[in-house]
Amino acid sequence: MPGKRNPEDKRSRLIESVGATLKEHGYHGLTLNKIALRAGVSKPMAYEYFANFNGLLKAYIAGKDTWVAYFQSLELPEKPTTTELKTCFIKMLQDQFRYFHQDKEMQRLVHWQVSEFNPLMRATCENREREGLRLLELVDGHFRNSGISLKAVMALLVGGIYYNVLHDSAGLGTMAGIDLRIDKDFDLMLKTIAQVIGWAFDAAELANSR
């Protein structure tokens with residue numbers, strides 16, 4: 001039994017070492033030498049498990065980017081109401097804000113994602129985008145012909161979450177007077193996410209009732 005567990009243990013250590021190396025050195029410091037040394041696994045063994053360096057990065061990215069798994073875990077009825085969908089979108093972005101704020105590895109990963117082209121990152125983003133669009137399609141009827149774009153609202157909110165958290169993580173101070181290190185301001189951001197999504201849904205309903 002120990003012999004059977006050992007390969008999986010080494011594989012897991014290599015994947016975990018990608019994240020630790022990313023946090024310490026950034027994406028430009030990601031090399032197989034550093035990762036293997038940190039994991040205590042030889043480079044030939046790393047190649048045996050993952051075929052190449054990209055295979056190791058792919059395994060790390062697939063395990064770290066939780067968006068697709070999150071989409072699949074959403075518990076929505078077969079035909080959700082508009083209110084249920086609005087609640088779902090609010091919860092989804094508030095959860096993203098909390099998770100991204102506390103996870104330094106994910107912050108590094110997103111910084112890498114938006115800083116340079118990488119085929120592995122591109123594939124991950126495309127998978128995430130497909131899942132997100134499926135969810136957005138469920139509210140097409142509510143927003144159609146209203147002049148309100150929930151897609152644009154979500155794009156701005158997601159981008160805003162990323163930038164505000166990265167700005168705070170870099171120690172650059174407040175953003176429009178908001179300090180994410182203060183609980184009151186952090187909670188205000190969560191409340192505002194809910195308000196903005198709520199306003200979009202309400203504005204579309206009002207426009208379609210005229």
Side-chain angles (χ1 to χ4, degrees), residues 61-114 121-169 174-210:
I61 293 168
K64 192 62 187 174
D65 194 308
T66 60
W67 264 115
V68 173
Y70 184 90
F71 286 133
Q72 293 171 347
S73 72
L74 292 173
E75 296 182 358
L76 282 171
E78 187 174 343
K79 293 183 179 180
T81 65
T82 300
T83 299
E84 288 170 333
L85 288 167
K86 177 173 69 174
T87 300
C88 175
F89 280 108
I90 290 172
K91 182 180 184 301
M92 182 172 67
L93 287 203
Q94 287 179 334
D95 285 347
Q96 185 212 13
F97 184 62
R98 293 188 187 95
Y99 170 65
F100 191 56
H101 184 259
Q102 59 87 29
D103 195 303
K104 298 298 181 184
E105 273 183 62
M106 196 63 191
Q107 291 170 21
R108 288 283 196 172
L109 199 58
V110 167
H111 189 250
W112 182 15
Q113 171 188 312
V114 300
M121 289 292 191
R122 176 64 181 268
T124 301
C125 290
E126 288 176 348
N127 287 337
R128 184 192 309 155
E129 182 73 359
R130 279 193 294 271
E131 294 298 324
L133 285 175
R134 287 194 187 101
L135 193 58
L136 284 164
E137 286 170 1
L138 295 176
V139 291
D140 269 355
H142 182 75
F143 287 89
R144 190 178 297 121
N145 302 321
S146 69
I148 308 297
S149 172
L150 184 62
K151 292 178 180 178
V153 169
M154 294 295 286
L156 287 168
L157 286 175
V158 171
I161 287 170
Y162 284 158
Y163 185 80
N164 275 276
V165 170
L166 291 175
H167 185 276
D168 175 73
S169 182
T174 63
M175 171 66 66
I178 297 292
D179 187 343
L180 297 183
R181 296 168 299 177
I182 300 174
D183 289 344
K184 174 176 64 68
D185 285 359
F186 189 87
D187 291 342
L188 180 61
M189 293 291 276
L190 291 173
K191 178 182 178 181
T192 303
I193 288 171
Q195 287 175 327
V196 171
I197 294 174
W199 290 334
F201 273 83
D202 292 345
E205 183 177 1
L206 180 61
N208 287 326
S209 68
R210 291 171 178 167

Between [X] (side chain only) and [Y] (backbone N and O only), is there a donor and an acceptor less than 3.5 Å apart?
X: H142; Y: F201; answer: yes
X: S169; Y: V165; answer: no
X: S146; Y: I148; answer: yes
X: Q107; Y: L166; answer: no

*Would the F186 and H101 ring centres measure less than 6.0 Å apart?*
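Close enough - the centres of the two rings lie under 6.0 Å apart.
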Is the shortest side-chain heavy-atom distance between [X] and [Y] below 4.5 Å?
X: I161; Y: Q96; result: yes
X: R98; Y: D95; result: yes
X: D168; Y: D179; result: yes
X: V114; Y: Y162; result: no
X: E131; Y: L135; result: no
X: Q94; Y: I90; result: yes
X: V153; Y: V196; result: yes
X: K151; Y: F143; result: no

*Shortest non-hydrogen contact from G177 toward D185*: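 Minimum heavy-atom contact is O-OD2, 3.8 Å.
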_Shortest non-hydrogen contact from M154 toward L136_ =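 In terms of heavy atoms, the two residues are closest at CG-CD2, 4.1 Å.
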*Before giving the answer on side-chain contact (heavy atoms from CB on, under 4.5 Å), spell out for R130 and L133 the whole-Å C-alpha distance, their side-chain angles and the decisive distance to 0.1 Å.*
CA-CA 5 Å; R130 279 193 294 271; L133 285 175; 6.0 Å; no
*Tell me, with the steps shown, if T81 and K86 meet side-chain contact (heavy atoms from CB on, under 4.5 Å).*
CA-CA 9 Å; T81 65; K86 177 173 69 174; over 6 Å; no
*Could you walk me through whether N164 and I178 pass side-chain contact (heavy atoms from CB on, under 4.5 Å), step by step?*
CA-CA 9 Å; N164 275 276; I178 297 292; 5.6 Å; no
*asked:* Between the side chains of D187 and K191, is the shortest nitrogen-to-carboxylate-oxygen separation below 4.0 Å, so that they form an ion pair?
replied: no
